[in-house]
Amino acid sequence: MDSSQFFGITTFIYLGAVFCYVTFSLFRVRTVGALATVITAIGILFNLAGLGLRWIESHKQGVGHIPLSNMYESLVFFALSIAVVYLVIEFIYKTRLLGSFAMPFAFLAMAYAALSTEFSKDIKPLLPALQSNWLTAHVITCFIGYAAFAISCGLSIFYLVVSFKYSEKSKLPNNDGFLSSLPSEKIAEVSYKMMIFGFLWLSAGIITGAVWANSAWGTYWSWDPKETWSLITWFVYAFALHAKYTRNWDGSRMAWMSILGFISVIFTYYGVNFLLSGLHSYGG
Amino acid sequence: MTLQENQLWRFFTSVQLALIIIASLAITSIIGTIIPQGESINFYLERYGARSTVFFEILALNEMYGSFWFRTLLFLFCLNLIACSINRLPSIPKIINKDNWDINFASLTQAKENSQFISDQSSTHVINELKNALKLKVLDIKELKAGTRFLVFFEKHAWSRYGAYIVHLSILVIFFGGVVGSLFGFKAFVMVPEGESTSIAYSQEGSREALPLGFEVFCETFAIEYYKNGTPKEYKSDLSVLEQGQEIKKKRITVNNPLTHRGITFYQSSYQQIPGEYSLYLSLNQSVSTGSQSSINKTFSTKIKKLNQWGEVKAEFRIVAASKDGHGHGPYEIWFDDQDDNPITFVVNDNQTVEVKRESGTYSFAMKQRFATGLQVAKDPGVWLVYIGCTLMLLGLYVSFFMSHRKVWIAVDQTKEGTLVTIKGKTNKNKDGLMRYQNKIESTLIDLEMKPVRRA
Ligand code: HEM
């Protein structure tokens with residue numbers, strides 16, 4: 001088997017996990033919930049194995065490099081980060097009800113990587129500028145941050161749906177399937193936690209990117225569109241953070257900020273490559 | 001009028017202003033990612049028409065990140081940050097040093113949200129058990145009523161309340177580093193042909209003037225390494241630094257691995273072929289009387305028909321002709337002569353080594369196009385400040401987000417029903433974390449065979 005087959009299988013596993021999480025949320029069968037977790041864990045293993053295999057394949061082709069060098073590989077790593085970060089919060093908060101809103105992002109990232117024809121999936125040798133450990137650190141930190149933002153966005157959508165259905169004051173009825181038994185403040189809290197977790201990693205991502213640029217070109221900041229968009233994203237989340245901390249913004253305002261922030265992430269990651277032009281090579 | 005009453009001060013210390021500035025920075029930054037920056041005026045005229053171009057010029061949208069208004073916005077951002085910190089910082093030590101014993105014992109034990117346990121043991125006994133079980137180094141205990149009523153207090157990470165200020169300071173440090181870099185540093189570029197040196201570089205900021213380096217940089221060779229499929233793998237230049245003709249430093253630079261001397265850094269940035277010029281590497285292997293070999297070599301930069309002399313071994317040569325197609329590359333015809341024999345003529349191709357046996361030894365010829373290496377030259381005395389700021393920022397973010405100031409009070413009171421233990425926790429954020437921590441203390445109490453008290 002080659003790595004792309006592994007990635008194909010991972011896509012279906014993540015889809016299966018989404019299906020189980022949704023089923024669990026609807027019918028509350030404990031075993032289905034446990035199954036969802038197990039399936040996610042297996043998906044992570046396949047995802048990792050695929051990345052490992054791709055690394056080996058690149059070495060066999062004599063151009064060996066860590067598989068984080070183009071749009072395709074970064075999407076696969078993005079999916080992995082989402083699944084891992086999600087499992088960790090499932091473990092910390094001891095609830096499987098968030099899975100239906102987090103795991104779809106892992107599935108979508110994998111499916112998009114597999115199906116899109118906008119970028120090449122071949123293993124290509126690294127251009128000289130990309131051969132740097134700072135680049136590896138840059139990609140890993142950024143994508144952990146993006147994964148957290150994706151989950152935060154998913155939970156914000158969850159929050160908005162819940163608070164749309166039940167006005168703030170009426171207590172949640174206990175037996176209304178999908179949405180009940182997880183108070184909306186809890187969802188908002190986890191969503192905010194993911195936002196600040198992502199903010200820390202995004203900051204680290206911008207910083208490692210700056211160090212890399214400085215070692216390759218002698219400038220740590222050149223306002224190229226990709227850099228600028230990552231800064232815009234950073235400002236969006238900094239804004240949200242201060243609005244909540246100092247002006248007590250409520251759950252639904254924060255949920256909209258989280259969605260806005262993730263749109264900015266998508267634009268930084270995707271829009272800049274395909275709609276604007278710049279230094280970054282991920283368009284290939 | 002005190003500072004607090006000053007309108008201007010109030011304006012600059014408001015967090016609302018911060019929100020407005022952050023939003024403005026985010027929104028205006030978008031412009032420069034849509035309109036290409038730093039192009040010639042003709043570019044804008046062609047692409048956007050005369051009217052838009054005039055508009056761009058007035059608002060400096062073609063160089064917006066360096067424009068007056070954008071810098072003003074950044075400056076306001078810094079002022080706001082400084083004012084806000086000065087305004088709020090003094091309250092932090094007050095919070096940290098607050099008298100934690102100043103708490104009403106009765107309301108502490110009666111508050112419904114505080115969890116309670118009851119034990120058959122005497123309160124002095126409970127206190128001693130608590131001391132051992134909680135395994136805390138600093139556990140302040142105050143005896144409020146001889147042998148029967150105690151208040152225990154402990155706290156964690158009080159200093160984490162400074163986290164936000166570390167982050168804000170880090171932003172100022174980064175800005176300061178950037179300003180230092182732009183005032184005392186430069187960005188420049190220079191092309192150095194193989195076999196030549198330079199003591200100047202050309203500024204890339206507006207003026208394009210020649211900047212003296214204060215020393216010489218010599219490029220011995222430039223080379224490109226390729227992958228099997230023909231894409232470039234690495235660009236490298238062998239550079240050396242000369243001061244007063246003396247070689248001080250030598251380094252092979254590659255794209256991610258520059259050379260630094262006296263605060264000036266040379267980055268491998270581009271290259272150029274020099275048409276009609278060649279770089280010729282010549283070496284001589286001789287058998288010395290004792291049977292061992294000796295070898296000397298020299299690299300020549302030359303042109304077609306130019307006579308080259310290697311004084312050391314008294315040899316001379318010239319490239320008679322390049323290939324007939326007129327593109328100036330191999331195969332080359334070379335005429336060669338040394339002391340021993342008649343001159344000979346032979347053929348060498350690009351990047352090929354040809355050996356010529358003569359009485360005095362074996363000569364090897366290797367020939368290639370002559371290149372010039374393109375060096376990005378940068379001096380940035382502010383970069384260390386920027387890096388310190390970045391490190392501070394990550395540290396500060398970690399402290400702000402993942403550490404919280406936790407306080408726990410435990411009231412121990414001997415009542416008619418037994419010894420009543422009440423736990424009260426308080427934190428500035430992360431209620432969940434505090435809850436988990438309190439649960440841990442509670443299970444410790446249950447391990448000590450105390451019973452939870454259920455209250456209506
Ligand atoms: C975009 C850059 C900025 C970043 C990354 C940043 C970061 C932070 C962080 C991490 C916190 C702590 C929040 C928490 O504890 O949950 C914070 C709090 C705060 N920030 Fe900022 N900040 C920025 C800009 C500003 C500006 C320009 C102001 C100007 C007034 C400001 C005012 C405040 C205030 C008043 C607090 C509350 C501090 C406290 O704990 O007393 N921030 N900021």
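Bear in mind that the values here come from a model prediction, so they are computed numbers and not experimental data. Side-chain atoms are counted along with the backbone in the values below, which use heavy atoms only and exclude waters and symmetry mates. Just so it is clear: chains get the letters A, B, ... in the order the sequence lines come, proteins before strands, and each one is counted from 1.
Heavy atoms closer than 4.5 Å to chain A are found in the side chain of B:Ala378, but not in its backbone. For A:Leu241, the part lying near chain B is the side chain, with the backbone staying farther off; criterion is any non-hydrogen pair under 4.5 Å. Of the two parts of A:Thr246, only the side chain, counted from C-beta on, holds a non-hydrogen atom closer than 4.5 Å to a non-hydrogen atom of chain B. Within the 4.5 angstrom heavy-atom criterion, atoms from both the backbone and the side chain of B:Ser29 approach chain A. Heavy-atom distances place the side chain of A:Tyr220, and not its backbone, under 4.5 Å from chain B. Contact of B:Asn256 with chain A is made through backbone and side chain together, with heavy-atom distances under 4.5 Å. With a 4.5 angstrom heavy-atom cutoff, A:Tyr245 touches chain B only via side-chain atoms. Residue A:Trp221: no heavy atom, backbone or side chain, is found under 4.5 Å from chain B. B:Tyr387 touches chain A through its side chain: at least one heavy atom from C-beta onward sits under 4.5 Å away, while N, CA, C and O do not.
When each of A:Ile92, A:Val236, A:Val211, A:Leu231 is scored by its heavy-atom pairs under 4.5 Å with chain B, the top score falls to A:Val211. Residue with the most contacts toward chain B among A:Ser132, A:Ala210, A:Ala238, A:Ser264: A:Ser132 (heavy-atom pairs, distance under 4.5 Å). Ranked by non-hydrogen atom pairs under 4.5 Å with chain A, the options B:Val377, B:Val383, B:Thr391, B:Thr265 are led by B:Val383. In terms of non-hydrogen atom pairs under 4.5 Å with chain A, the most contact-rich of B:Val15, B:Leu19, B:Asn257 is B:Leu19. Of the listed residues A:Thr233, A:Thr228, A:Ile206, the one with more heavy-atom pairs under 4.5 angstrom with chain B than any other is A:Thr228. Taking chain A as the reference chain and counting heavy-atom pairs below 4.5 Å, the highest number among B:Ile30, B:Ile27, B:Asp380 is found for B:Ile30. Taking chain A as the reference chain and counting heavy-atom pairs below 4.5 Å, the highest number among B:Glu225, B:Lys429, B:Lys187, B:Gln376 is found for B:Lys187.
The aromatic ring centres of A:Trp249 and A:Phe239 sit less than 6.0 Å apart.
In this structure, the separation between CE on A:Met195 and CZ on A:Phe262 is 12.5 Å, given to the nearest 0.5 Å. Summarising the geometry, atom CZ belonging to B:Phe222 is positioned 9.5 Å from atom CD1 belonging to B:Ile253; distances are rounded to the nearest 0.5 Å. With rounding to the nearest 0.5 angstrom, the CD1 atom of B:Ile92 is 11.0 Å from the NE2 atom of B:His405.
Between the side chain of B:Asn80 and the backbone N or O of B:Phe12 there is at least one donor-acceptor pair closer than 3.5 Å. A donor-acceptor distance shorter than 3.5 angstrom exists from the side chain of A:Glu227 to the backbone of A:Ser222, with no hydrogens or angles considered.
Side-chain contact check for A:Ser152 and A:Ser258: at least one donor-acceptor pair (N or O, by modelled atom type) lies under 3.5 Å. Using modelled atom types, one finds a donor on one side chain and an acceptor on the other under 3.5 Å when comparing A:Trp229 with B:Thr33. In this model, a donor atom of one side chain and an acceptor atom of the other lie less than 3.5 Å apart for A:Ser4 and A:Asp2.
A:Lys244 forms a cation-pi arrangement with A:Tyr192, by the criterion of a distance under 6.0 Å to the ring centre and an angle within 45° of the ring axis.
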